[in-house]
Amino acid sequence: MSSAAHPAIRFCRSCGAPTAQALPDDGDTRERAICTSASCKTIHYQNPLNVVGTIPHLEGRVLLCKRNIEPRWGKWTLPAGFMELGETVQEGAARETMEEAGAQFEMEDLITVISVPKVSQVHMYFRARLTSDIFDPGHETLEARLFSRHDIPWDELAFQTVRATLERFFDDLDRQQRNTHHFSLS
Ligand code: ZN
């Protein structure tokens, strides 16, 4: 997961010629990076990226991963990452959970859908019920462990969307509810 905004596309992804920012002539209302090669003219659309992840939980505790990668090296996060082409949101969230935590779990329901317009991202987290408390984290993770609400390193979390999802999870748990929360963070 990156916190960087989308960089401009300066060279055509199809033919390598320089691009120019211009309005496409199809009635589009935004300027796009358009290939300047007359034989190509490919229009490069840039759209928000989806970040998908889980909040793995076991008997009221949640699994956090200590990041072994930048950005936010050494900070704690929920397993999450960018969706890959050709996968569903659930498949992407499950893949990230296996890669980053090596956890065994059952996918459950959607807990948060968070728009982050400042970086043009949408973050989606699913509850995942852990079926084991043994973890085998991959190279992106220094440590994976379970935390109860009062043990969570709230000041050492990697991302605002992680904090927001954790808060919703424990608030729902207190009320014995399972809601899907959708909101935006700046
Ligand atoms: Zn081109």
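Order of appearance sets the numbers: ligands from 1, and atoms from 1 within every ligand. All values derive from a computational prediction rather than experimental measurement.
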Next item on the list: Enumerate the protein N/O/S atoms at a distance below 2.8 Å from the Zn ion (ligand 1), ignoring waters.
Entry: Cys12 SG, Cys15 SG, Cys35 SG, Cys40 SG
Note to self: Can you tell me how far apart CD1 (Ile114) and NE2 (His182) are? Round to the nearest 0.5 Å.
What the structure shows: 12.0 Å
Note to self: Against Arg127, only a single residue in Thr165, Thr54, Asp172, Thr112 fulfils side chain to side chain donor-acceptor pair (under 3.5 Å); can you say which?
What the structure shows: Asp172
Next item on the list: State plainly whether the residues Asp174 and Arg149 are in salt-bridge range, i.e. N to O under 4.0 Å.
Entry: yes
Item checked: Residues Glu167, Arg163: salt bridge by 4.0 Å N-O rule -> yes
Next item on the list: Using the test salt bridge (Lys or Arg N to Asp or Glu O under 4.0 Å), find all partners of Glu143 that sit at least two apart in sequence or belong to another chain.
Entry: none
Margin query: I'd like to know if the side chain of Thr42 reaches the main chain of Cys35, judged simply by a donor and an acceptor atom lying under 3.5 Å from each other, with no hydrogens or angles considered.
Written below: no
